[in-house]
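Everything on this sheet refers to the single structure shown next.
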Amino acid sequence: MPELPEVEVVRAGLQPAITGATAASVTVFDERSLRRHDGPSEDFVDRLTGRVFRAPERRGKFLWIPLDSGHPDARDTGAPNASNGEALVAHLGMSGQVLLRDRHTDDRLTRIRIELDHPDHGALRLNFVDQRIFGSMSIDSMLPTVDQRHRTVPSQVAHIARDPLDPFFDDAKFLRALKAKRTTVKRALLDQTLISGIGNIYADEALWAARVHYNQPTESLSRAKAILLLAEVRAVFVKALAEGGTSFDSQYLNVNGESGYFSHSLNVYGQQGTECPRCGRLVVREQFMNRGSHLCRFCQRVRQSAISRSALRAG
DNA sequence: CCCAGACCCTGTAGGC
DNA sequence: TGCCTACAGGGTCTGG
């Protein structure tokens with residue numbers, strides 16, 4: 001459930017608190033949270049302990065903290081990726097949280113704990129909490145971005161597209177790629193190699209705002225609709241960010257353990273049985289891609305004529 | 001190569 | 001009260 005706005009709230013919350021902090025000690029309580037780490041937990045602990053955190057960064061739903069060496073002579077160890085550096089990568093998955101605490105506060109379901117020493121803020125504790133263990137932490141090497149612009153990214157993020165709030169996101173490239181897809185529009189929105197940061201909640205909200213049905217074939221989506229849809233994705237992201245993200249239960253919290261307010265602004269997600277805010281008809285929930293899709297069947301209809309035309313072309 | 005679907009994973013809610 | 005099942009869906013992998 002943490003999607004771009006929620007991960008960005010976490011990144012922004014971490015930034016002033018942990019930048020410049022040293023990882024004094026690291027404890028892995030559940031090794032399954034290291035699924036994306038290439039090596040055993042001892043390797044994770046060894047490579048993280050003593051390192052200094054730089055300012056956290058984000059692409060889509062991936063969050064990472066570039067690491068400085070805590071040892072002045074470590075630059076000469078000849079490590080293969082020394083030139084590009086390493087980062088602590090976090091993905092929150094379905095239920096992950098990064099909570100910033102004092103040294104005496106524990107959280108239930110903490111899978112990884114990092115004790116931090118900050119030159120200004122003193123002793124801190126970073127708890128990585130994750131109920132369903134779809135999230136992960138790992139130490140990863142940084143690679144140059146494919147388009148060579150802006151910065152490097154962790155190797156496991158290299159295949160993830162820039163997100164629509166990234167200043168280097170290429171609208172024209174996205175629209176071309178969308179048109180070339182042979183799939184349906186919600187699948188495309190959730191495809192992190194096409195556009196990143198969108199999950200089930202914001203996909204449903206953006207589709208409703210743009211009056212597009214989730215099952216509309218991408219090839220039959222008009223250019224105007226595609227442009228509108230991208231604009232609505234950005235709009236819903238910006239609004240959610242302003243409200244501190246979406247929380248339904250305590251599955252998503254900011255770094256201080258607080259909930260966001262965007263759940264009060266949802267138009268269709270989780271609103272089945274209530275009235276569509278636009279036309280007053282009932283919002284429904286349908287199964288799609290093993291997930292719930294929330295929509296107004298009146299406002300959001302598959303354009304049959306467009307499908308017929310594309311079917312004729314295909315046939 | 002591209003796309004669809006299976007799979008992972010567990011606390012919580014609700015039924016009986 | 002307690003057991004059982006359904007549910008939530010990111011990202012990755014595999015099969016067609």
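Every chain is numbered from 1 and lettered A, B, ... according to where its sequence line falls, protein lines coming before strand lines.
- In this structure, the side chains of A:R187 and A:F288 come closer than 4.5 Å at one or more pairs of heavy atoms.
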Tabulate protein N/O versus nucleotide N/O from nucleotides 5-9 of chain B, keeping only pairs under 3.5 Å, one per line.
| from | atom 1 | to | atom 2 | distance (Å) |
| --- | --- | --- | --- | --- |
| B:dG5 | OP2 | A:R187 | NH2 | 3.0 |
| B:dC9 | OP1 | A:R35 | NH2 | 3.0 |
| B:dC9 | O3' | A:R32 | NH1 | 3.2 |

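- What separates NZ of A:K186 from P of B:dC3 is a distance of 18 Å, to the nearest Å.
- Atom-to-atom, CG of A:N200 to C1' of C:dA8 comes out at 9 Å; the value is rounded to the nearest Å.
- Look at CZ on A:R285: it is 15 Å from P on C:dA6, rounded to the nearest Å.
- Residue A:G135 is out of contact with every strand shown, counting any heavy-atom pair closer than 4.0 Å.
- Of the residues near DNA chain B, A:T183 and A:R111, the one whose nearest nucleotide (by heavy atom distance) lies more toward the 5' end is A:T183.
- A cation-pi arrangement is found for A:R301 relative to A:F298, the charged atom lying closer than 6.0 Å to the ring centre and inside a 45° cone about the ring normal.
- In this structure, the CD atom of A:Q156 is 11 Å from the P atom of C:dG11, given to the nearest Å.
- Within the 4.0 Å cut-off from OP1 or OP2 of B:dC3, at least one side-chain nitrogen or oxygen of A:K181 is found.
- One can place OH of A:Y269 at 11 Å from C1' of C:dC7, the figure rounded to the nearest angstrom.
- For A:Q192 and B:dC3, the CD to P distance is 15 Å, given to the nearest whole Å.
- Counting only heavy atoms from C-beta outward, the side chains of A:L241 and A:V9 approach each other to under 4.5 Å.
- Using the six-membered ring where Trp is involved, A:F62 and A:H91 have ring planes that are perpendicular, over 60° apart on the 30 and 60° scheme.
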Protein-nucleotides 14-16 of chain C N/O pairs closer than 3.5 Å?
none

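- Ring geometry for A:F44 versus A:H37: interplanar angle over 60°, hence perpendicular rather than tilted (30 to 60°).
- Remark: A:H91 is in phosphate contact with C:dG11, judged by side-chain N or O atoms under 4.0 Å from OP1 or OP2.
- Straight-line distance from the CZ atom of A:F288 to the P atom of B:dC3: 13 Å, rounded to whole Å.
- Between A:F237 and A:Y202, the ring-plane angle classifies as perpendicular under the 30° and 60° cut-offs.
- Nearest heavy atoms, A:A161 versus A:I195: CB-N, 3.8 Å.
- Put simply, CD on A:E286 is 14 Å from P on C:dA8, counting in whole angstrom units.
- Every residue meeting the side-chain contact (heavy atoms from CB on, under 4.5 Å) condition with A:E57, not counting sequence neighbours, appears here in chain and number order: A:W64, A:P66, A:R151.
- Note on A:L229 and A:I201: same hydrophobic cluster, where clusters join Ile, Leu, Val, Met, Phe, Trp and Tyr whose side-chain heavy atoms are under 4.5 Å apart, directly or indirectly.
- For A:Q287, whose side chain is taken as the heavy atoms from C-beta onward, the closest listed nucleotide among C:dA8, B:dC3, B:dG11 is C:dA8.
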